[in-house]
Number of protein chains: 2
Amino acid sequence: MDRLDRKILRLLQENATLAVADVAKKVGLSTTPCWRRIQKLEEEGVIRKRVAVLNPEKVNARVTVFVSIRTNAHNPEWLKRFSEVIKEFPEVVEFYRMSGDVDYLLRVVVPDIASYDQFYKKLIAKIEIRNVSSAFAMEQIKYTTELPLDYMVLDKEPAQASA
Amino acid sequence: MDRLDRKILRLLQENATLAVADVAKKVGLSTTPCWRRIQKLEEEGVIRKRVAVLNPEKVNARVTVFVSIRTNAHNPEWLKRFSEVIKEFPEVVEFYRMSGDVDYLLRVVVPDIASYDQFYKKLIAKIEIRNVSSAFAMEQIKYTTELPLDYMVLDKEPAQASA
DNA sequence: TATTTCAAGGAAAATATTTCTACAATGAAG
DNA sequence: CTTCATTGTAGAAATATTTTCCTTGAAATA
């Protein structure tokens, strides 16, 4: 992984429809080596997938709720069951195990508060939870799928562009 | 927007590299109308973009921190300035204005705790904040870019597939 | 310094795939 | 029975992917 790989990743994180030739041009490479690099990044799993990102408004996914969860059952069985339950809910788009006084944090996406209430009832019907607290987002000011690449570990200097 | 559009979106949310012909086959349509639908979904902005999703581990983005922010300055100027500052940080991948006792919530992605501390110092150097509290994620159990489409508003019944 | 080796890039072309356009057919609604 | 929206078939044009083979330059070794 060198600076060229990073440049390629940056471009594809922004726009995955770019043709290999265009990526190549932008990073200052010809198509063949650029194609080989992308291929490799995919094989290695650096690039996990390519997806379409939708407009939340347009698909009626207007409300984001952060759900903080505390549990009594601090054991792997409970977590396993809980994870499986959560993964079934398409409304839960993110799910973290946390340090600190909150045990788990969910990001839930629904059309409105009423739908959130329905989701909430479905959730607590499926699994026992000690304590749930919901925080509503009023506005999504920034949302990106792009990971910061400045921290990426570079094996070596980028190969000098040969004449 | 009917059930066919929804089906198309579901597929493209999962995998944006699918050829139109493949999408068509899966939704039970021939390529032309499927192509036209996708075209329209893009024009209307339902599909916002297509992106490559990277593996956080592989690009050294291992630690997620949720940063809760309280401010004294409840005015549009401060928010504007704050937003601009935040948008400059590639480490901040999500940013919400919240209801409740927390004013803003950030999701920050960095390689490790030391980097988070550096980020934190950079942030408070740039803008005055009353109160910051950081919660560290130990594990990302679920993360998806797919929005739930079950809530999508359908104009009408899907057109009957014609013979 | 000469020579070998190796990793990476470049050009070009074959292949494959995709996109996009015309035009005909269908079925529902009025 | 007319109209309108939508689909289907087929094919041309454009693009993209992938392979083959060659070149280059850096590093290693004698």
Side-chain angles (χ1 to χ4, degrees), chain A residues 1-55 58-59 149 152-163, chain B residues 1-55 58-59 149 152-163:
Chain A
M1 293 250 265
D2 58 14
R3 282 182 211 167
L4 290 174
D5 284 323
R6 183 156 73 184
K7 252 183 165 176
I8 291 171
L9 290 175
R10 251 194 251 285
L11 290 167
L12 293 179
Q13 275 201 119
E14 259 178 46
N15 178 6
T17 66
L18 277 173
V20 176
D22 295 337
V23 176
K25 200 176 295 168
K26 295 205 183 194
V27 304
L29 223 58
S30 71
T31 53
T32 308
C34 186
W35 176 81
R36 279 195 285 243
R37 278 164 179 270
I38 293 172
Q39 200 79 351
K40 202 171 157 221
L41 290 167
E42 263 158 4
E43 274 167 24
E44 285 170 346
V46 180
I47 296 175
R48 237 182 49 195
K49 54 194 326 204
R50 290 149 189 261
V51 304
V53 177
L54 308 187
N55 182 332
K58 301 270 169 111
V59 296
L149 298 182
M152 226 172 74
V153 183
L154 305 182
D155 292 343
K156 51 195 166 206
E157 283 300 292
Q160 185 90 5
S162 53
Chain B
M1 295 250 264
D2 58 15
R3 282 182 211 167
L4 290 174
D5 284 323
R6 185 156 72 181
K7 252 183 164 175
I8 292 171
L9 291 176
R10 251 193 251 285
L11 290 167
L12 293 179
Q13 276 201 119
E14 257 177 48
N15 178 6
T17 66
L18 278 174
V20 176
D22 295 338
V23 176
K25 200 177 297 169
K26 294 204 185 195
V27 304
L29 222 59
S30 71
T31 54
T32 308
C34 186
W35 177 80
R36 278 194 286 244
R37 277 164 181 270
I38 294 172
Q39 200 79 348
K40 201 171 157 220
L41 289 166
E42 263 159 3
E43 273 168 24
E44 286 170 345
V46 180
I47 296 174
R48 235 181 52 193
K49 56 197 317 207
R50 291 149 189 261
V51 304
V53 177
L54 308 187
N55 182 332
K58 302 273 170 110
V59 296
L149 299 181
M152 227 172 73
V153 183
L154 305 182
D155 292 346
K156 54 196 161 202
E157 282 300 295
Q160 186 88 4
S162 51

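Here is how names work: the chains are called A, B, and so on, in the same order as the sequence lines, proteins then strands, and each is numbered from 1.
Counting to the nearest Å, the C1' atom of D/dT17 and the NZ atom of A/K40 are 20 Å from each other. The CZ-P distance, from A/R36 to D/dT17, rounds to 15 Å in whole Å. Remark: C1' of D/dT9 and NZ of B/K25 are 15 Å apart, rounded to the nearest angstrom. Rounded to whole Å, the distance from CZ on A/R3 to P on C/dA8 is 17 Å. Atoms CG (A/D2) and C1' (C/dA7) sit 12 Å apart, rounded to a whole Å. Between the CZ atom of B/R37 and the P atom of D/dT6 there is a distance of 8 Å, rounded to whole Å.
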Check the pair A/I47 / B/L54 against side-chain contact (heavy atoms from CB on, under 4.5 Å), numbers first and verdict last. CA-CA 5 Å; A/I47 296 175; B/L54 308 187; 3.9 Å; yes
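When the nucleotides D/dT7, C/dG10, C/dA8 are ranked by their closest atom to the side chain of A/L29, C/dG10 comes out on top.
Across all non-hydrogen atoms, the minimal contact from B/V51 to A/E14 is CG1-O, 3.7 Å. For the pair B/M1 and B/V153, the tightest heavy-atom approach, listed with the atom from each and the gap, is CB-O, 3.9 Å. A/V20 and A/T31 get closest at one heavy-atom pair: CG1-O, 3.8 Å.
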Given protein heavy atoms under 4.0 Å, the one-letter contact record of nucleotides 13-20 of chain C, with B base, S sugar-phosphate only and - none, is simply -----SSS
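A search for side-chain contact (heavy atoms from CB on, under 4.5 Å) contacts involving B/V27 returns B/L4, B/K7, B/I8, B/L11, B/V23, B/L29, not counting sequence neighbours.
For the salt bridge (charged side-chain N to carboxylate O under 4.0 Å, His left out) test with A/D5, the passing option among A/R10, A/K40, A/R37, A/R36 is A/R37; the others fail.
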